[in-house]
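Report on the structure given below.
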Amino acid sequence: MKWKTAICAGAGFVRKGAFNMANAADCLLHVEDMKIYYPVAGKRLGTTDYVKAVDGVSFEVRRGEVFGIVGESGCGKSTLGRGICKLEKPTGGKVVLDGEDISGYNDNQMRPVRKKVQMVFQDPYASLNPRMSIFDIIAEPLIIHKLAKDKKEMEEKVLDLLRKVGLDDYHANRYPHEFSGGQRQRIGIARALAVQPSLIIADEPVSALDVSIQAQVLNLMNQLKKDFNLTYIFVAHDLSVVEHISDRVGVMYLGNFVEVGNKESLYRKPLHPYTQALLSAVPVPDPTAKKERMILEGNIPSPLNPPKGCKFHTRCPKAMGCCKAEAPKRYQVSDDHYVYCHLYDDVNNQ
Ligand code: SF4
């Protein structure tokens, strides 16, 4: 398919901004126009400005898939993950989990929902209570959600979870400081698995680990996905890690997705200039391979005062006049690949 690159007509599009819920039974998570803004004191006395960490994001996650979210630090990917399970309160938007609209839920209403969605956090050193034994850490969600009828069943479940993540029974009586980073992340995964969730949101789960340990944890996550029929949202800044584990990938920039597609299509033929720049920076394990790097000039603009039009226009080597004036719409370029960029304004005319 040949794209024209100079037309800035801003023409309509088949599914602009909307969601394709063609097969609702397959859809585990539906997020629509999610916004997470943080108020800060304005420049003038008495006014309020907003840091727009997540600024109108829409996407869906299918049952049994790994949806990777990738982008530079500060793009809002972790905030988006935390917003889905209400660890951050969304300013607006809709979240439907397993057919249940949880958008307006308060903490009490969220409690049973947390059985369906669990998080694995980035820092395995900070995410485990140092005063609790590993047994107590893993048993805590079982107690909260009343998932064991007596002490014996509780013990069986905790030990079973430890074995599932590659640890031994004797580890149950130890404390977090006695473990390595990789082992602590395994404990974090066991704690998330305790309530048998449908969806696990893993926020940079391997970025604090050594490379060799990263591979072990990723393989473990892959195995557990098959064993427990899990669905993951996998948030990371490392494109190689995301490629390894994901089925579909969303690329975020300044609080919005700029491109979403299945892994093969997005990595083989990235469409958005930002995705192209990110992928051009990924090292190739072949010293003879020649790769043309696309260097982005300048810094990411502040989410307090993002640029008008396309938020990427201040750094985009392909920016055109219309990019400063008008935010690009969503353009579906194939069944499972869409992009937000004026370069594809005429895609619906193909
Ligand atoms: Fe596309 Fe934005 Fe670059 Fe314009 S500035 S070409 S819309 S990425």
Side-chain angles (χ1 to χ4, degrees), residues 1-19 33-35 51-59 68-77 80 237 239 242-243 248-263 265-282 291-350:
M1 193 176 284
K2 182 171 167 278
W3 310 115
K4 294 176 194 167
T5 56
I7 301 172
C8 295
F13 173 60
V14 213
R15 297 183 204 166
K16 54 188 175 189
F19 246 140
D33 200 25
M34 180 183 273
K35 297 185 177 89
V51 171
K52 297 176 176 174
V54 176
D55 193 15
V57 167
S58 301
F59 68 107
I69 302 179
V70 74
E72 289 167 287
S73 297
C75 70
K77 55 190 187 303
L80 173 61
H237 64 272
L239 279 110
V242 171
E243 183 182 16
R248 288 192 307 132
V249 178
V251 182
M252 273 190 89
Y253 185 79
L254 260 188
N256 295 97
F257 279 126
V258 295
E259 184 168 359
V260 178
N262 69 61
K263 177 177 70 178
S265 169
L266 190 138
Y267 276 75
R268 203 181 62 246
K269 193 176 180 196
L271 299 172
H272 196 279
Y274 180 61
T275 317
Q276 290 166 356
L278 287 183
L279 284 173
S280 78
V282 175
K291 203 172 176 191
E292 203 175 314
R293 276 200 68 175
M294 194 169 150
I295 310 280
L296 293 178
E297 305 288 339
N299 296 320
I300 303 184
S302 165
L304 194 57
N305 187 20
K308 298 249 177 322
C310 171
K311 289 180 180 174
F312 187 55
H313 83 254
T314 54
R315 302 171 76 197
C316 179
K318 298 178 182 173
M320 305 169 285
C322 60
C323 302
K324 291 183 188 169
E326 191 185 349
K329 298 182 179 87
R330 171 177 136 150
Y331 299 106
Q332 191 103 24
V333 290
S334 68
D335 267 359
D336 207 5
H337 195 165
Y338 58 89
V339 63
Y340 296 81
C341 175
H342 285 305
L343 292 173
Y344 307 94
D345 271 356
D346 58 340
V347 65
N348 53 326
N349 295 327
Q350 298 296 309

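When a ligand or atom number is given, it counts from 1 through the structure's own listing order.
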Original post:
Are Tyr338 and Phe59 close enough that some pair of their side-chain heavy atoms sits under 4.5 Å apart?
Top reply: yes
Original post:
Would you say the side-chain atoms of Lys324 pair up with the backbone N or O of Gly309, donor to acceptor, closer than 3.5 Å?
Top reply: no
Original post:
Taking C-beta and beyond as the side chain, do Leu254 and Asp55 meet within less than 4.5 Å on heavy atoms?
Top reply: no
Subject >> Aromatic contact, Tyr253 with His272 (centres under 6.0 Å) >> reply: no
Subject >> Pairs flagged by salt bridge (charged side-chain N to carboxylate O under 4.0 Å, His left out) wherever residues 313-323 is involved - sequence neighbours left out >> reply: Glu72-Arg315
Original post:
Is there a side-chain contact between Glu259 and His337 (heavy atoms, below 4.5 Å)?
Top reply: yes
Original post:
Around atom 1 (Fe) of ligand 1, how many protein N, O or S atoms are there at under 2.8 Å?
Top reply: 1
